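Below is one structure, written out as structure tokens, with a few remarks after it.
These numbers come from a predicted model, not from an experiment.
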Amino acid sequence: MSGTAVSITPVVVRLKLSLLRNGLRQSSGRRAAYVASVVAVLLVSAVQLLGLIALRGHEHAASVVVLLVGVLAAGWAVMPLFFPGGDETLDPTRLVMLPLRPRPLVRALLAASLVGIGPLFTLCMLAGAVVSVAHGGVAYVVGVVGVVLALLVCVALARAVAAANLRLLTSRKGRDLAVLSGLVIAIGAQVVNFGAQQLGSSGLGQLDGPADVLKWVPPASAIGAADSASEGSYGIAVLQLALTAAALVALIAWWSRHLTRLMTAPDGSTLQAADSGARERTSTGLSRLLPAGRTGTVMERSLRYVWRDPKTKAAWVTSLAIGLIVPVFNALQGSGSIYFACFAAGMLGVQMYNQFGQDTSAFWMVAMTISSTRDAYVELRARALALLVITLPYATLVTVLTTALLGDWPKLAEVLGLSFALLGAMLATGAWTSARFPYSIPQEGYKNVAPGQSGLAFMAILGGMVSSALLCAPVIAGTIWLNVSEGGDEWSWLLLPVGAVYGTAITVAGLRLAAPRTARQLPEILTAVSKG
């Protein structure tokens with residue numbers, strides 16, 4: 001081999017193209033899906049490009065495109081965390097056995113990263129952003145340089161984040177992130193929808209303040225440079241380009257450092273197990289805070305499910321997010337009601353349904369410890385208490401926040417009472433339906449119900465929610481009566497203790513009714529929850 005260094009960049013780019021081509025040859029369905037995605041991206045890019053060009057000459061065009069580029073960069077930063085398998089051809093661990101130095105490898109991977117649908121869409125967006133703000137030959141020259149720098153910053157940011165978190169993304173926690181990706185996108189869509197409504201009512205002028213700050217943050221600063229050059233501020237334009245270039249250098253250095261560590265540091269598969277005595281587990285802080293005996297053990301197990309099991313965590317995070325979004329966003333829009341705060345208790349109360357299904361086939365270990373109605377009652381009670389550890393403070397917080405946003409403090413007590421009564425009713429019906437209508441939750445994929453059990457799950461959840469509403473009828477009737485009767489506002493504070501006591505009584509009654517059925521039907525429950 002000659003002493004002349006040979007660039008590996010063309011080789012890596014051709015390697016990616018070959019892997020992409022060979023992957024498409026595997027099946028016609030895969031080719032059709034890829035072609036359809038390319039066509040869809042091109043259509044969206046064309047529409048966005050035309051929309052950005054239409055902004056040319058608008059008073060607030062610069063603010064819109066600067067914020068758009070900032071959002072685009074944020075998308076490049078977070079997408080590797082939620083879709084770690086989106087580009088398997090650029091996984092550096094596949095090259096770990098080759099004698100490659102970090103710097104040439106980073107250049108090669110950066111060039112290969114520019115091949116794909118995502119970079120094409122980003123390029124169209126950046127080009128449209130420059131066209132909308134550039135006026136004059138100098139501005140277009142600055143804009144072209146800015147587009148190149150911004151595109152490289154976006155790609156380098158995504159690759160640096162992926163390299164820094166590759167160990168995480170290939171672990172159980174990485175799979176948790178993938179399960180939660182749909183939730184994050186849904187919440188982001190709600191935030192975007194809320195922002196669009198606010199812009200529709202207040203106009204684009206309110207974007208000027210955030211844009212003035214963001215135009216100094218790479219890669220949005222590269223587009224801000226084109227706008228500055230259009231206004232004749234050439235020194236500011238050069239400084240904004242320099243900021244973007246400095247960000248690119250810093251990202252490449254960060255990427256190179258993590259890539260070196262990834263390619264040279266041993267992982268768990270190459271390390272010998274440590275001495276078991278040195279890693280002896282001690283009791284956690286959580287266990288010390290919980291009651292002794294079976295109750296504390298079951299509560300700790302349930303809370304660990306919430307933290308560690310991907311499906312359980314996804315369900316909880318979804319309920320927590322929606323329970324906050326619905327009342328708070330409606331309050332911010334000025335069209336909400338303080339009673340929407342009960343949505344938080346309702347969403348979290350659903351987590352009591354199908355308690356044994358989240359155990360899947362491991363429920364047999366729980367079943368072996370239940371030999372009487374008393375054992376079943378303690379098991380269900382502990383699961384309800386674990387749920388209350390999160391639900392009670394959360395429902396209270398959401399109610400107080402909604403009340404503060406609406407400024408309707410006189411109704412705080414009655415809404416809290418309604419929330420506690422609803423939560424108690426859902427705990428009661430959830431315990432009963434867990435024993436009467438158990439169903440399996442598949443551990444793989446995105447389905448929450450095993451095939452053939454959808455009707456059972458629908459019956460359990462819908463029936464339980466209707467029953468919970470009926471059980472809350474006395475408290476609801478009392479609330480209505482106090483609101484329509486003269487002088488009722490003076491006694492509305494009584495609904496808080498009444499709702500709390502009523503919810504507690506309903507919960508205890510539901511647990512006692514569910515315990516005998518649970519003890520009798522352990523084999524049937526085990527069969528139902530093990531089907532996934």
Side-chain angles (χ1 to χ4, degrees), residues 45-78 110 113-114 118-161 192 195-196 198-199 202-255:
S45 301
V47 172
Q48 294 288 343
L49 182 61
L50 293 175
L52 291 172
I53 294 175
L55 281 175
R56 182 178 176 84
H58 192 279
E59 180 183 2
H60 304 291
S63 299
V64 173
V65 297
V66 165
L67 288 171
L68 181 64
V69 173
V71 172
L72 195 64
W76 275 94
V78 301
L110 182 62
S113 299
L114 296 174
L120 176 61
F121 175 78
T122 304
L123 180 62
C124 292
M125 298 288 286
L126 294 173
V130 168
V131 172
S132 65
V133 299
H135 300 280
V138 176
Y140 274 106
V141 172
V142 172
V144 170
V145 177
V147 166
V148 175
L149 288 175
L151 179 61
L152 291 175
V153 166
C154 288
V155 175
L157 177 62
R159 293 304 160 195
V161 171
V192 171
Q198 293 295 106
L199 288 177
S202 305
L204 296 176
Q206 61 180 338
L207 297 180
D208 293 341
D212 288 340
V213 176
L214 195 60
K215 70 181 181 181
W216 292 100
V217 179
S221 57
I223 306 303
D227 180 58
S228 299
S230 299
E231 297 176 353
S233 303
Y234 301 121
I236 294 178
V238 171
L239 180 58
Q240 289 171 319
L241 286 179
L243 284 174
T244 309
L248 177 61
V249 172
L251 285 172
I252 290 177
W254 182 38
W255 182 12

Spacing of Leu72 atom CG and Leu151 atom CG [to the nearest 0.5 Å] = 9.5 Å
Where is the tightest heavy-atom contact between Val142 and Ala226, given as atom of each residue plus distance?
-> CG1-N, 3.9 Å
Ala77 and Leu157: which non-hydrogen atoms are nearest, and at how many Å?
-> CB-CD2, 3.6 Å
Is the closest side-chain heavy-atom distance between Leu52 and Leu55 below 4.5 Å?
-> yes
Between Tyr234 and Ala229, what is the shortest heavy-atom contact and its length?
-> CE2-O, 3.6 Å
Just by distance, do the side chain of Ser230 and the backbone of Ala139 share a donor-acceptor pair under 3.5 Å?
-> no
Residue pair Thr122 / Cys154: nearest heavy atoms and the distance that separates them = CG2-SG, 4.4 Å
I would like to know whether Val144 and Val130 meet side chain to side chain contact (heavy atoms under 4.5 Å, CB included); could you show each step before the answer?
-> CA-CA 8 Å; Val144 170; Val130 168; over 6 Å; no
Taking the side chain as every heavy atom from C-beta outward, state whether Val69 and Pro219 have any pair of such atoms under 4.5 Å apart.
-> yes
Side-chain donor-acceptor distances from residues 240-251 under 3.5 Å, at least two apart:
{"unit_1": "Gln240", "atom_1": "OE1", "unit_2": "Ala225", "atom_2": "N", "d": "3.1"}
{"unit_1": "Gln240", "atom_1": "OE1", "unit_2": "Ser228", "atom_2": "OG", "d": "2.9"}
{"unit_1": "Gln240", "atom_1": "NE2", "unit_2": "Lys215", "atom_2": "O", "d": "3.4"}
{"unit_1": "Thr244", "atom_1": "OG1", "unit_2": "Ser221", "atom_2": "OG", "d": "2.7"}
{"unit_1": "Thr244", "atom_1": "OG1", "unit_2": "Ala222", "atom_2": "N", "d": "3.3"}
{"unit_1": "Thr244", "atom_1": "OG1", "unit_2": "Gln240", "atom_2": "O", "d": "3.0"}

Separation between CG (Leu68) and CD1 (Ile223), nearest 0.5 Å, reads 9.5 Å
Contact list for residues 134-156, test side chain to side chain donor-acceptor pair (under 3.5 Å), sequence neighbours left out = Arg56-His135, Arg56-Tyr140
Rounded to the nearest 0.5 angstrom, the CG-CG distance for Leu126 and Leu49 is 11.0 Å
Check whether any side-chain heavy atom of Trp76 sits under 4.5 Å from a side-chain heavy atom of Val161, and report yes or no.
-> no
Do Val66 and Trp216 have side chains that get closer than 4.5 Å, going by heavy atoms?
-> no
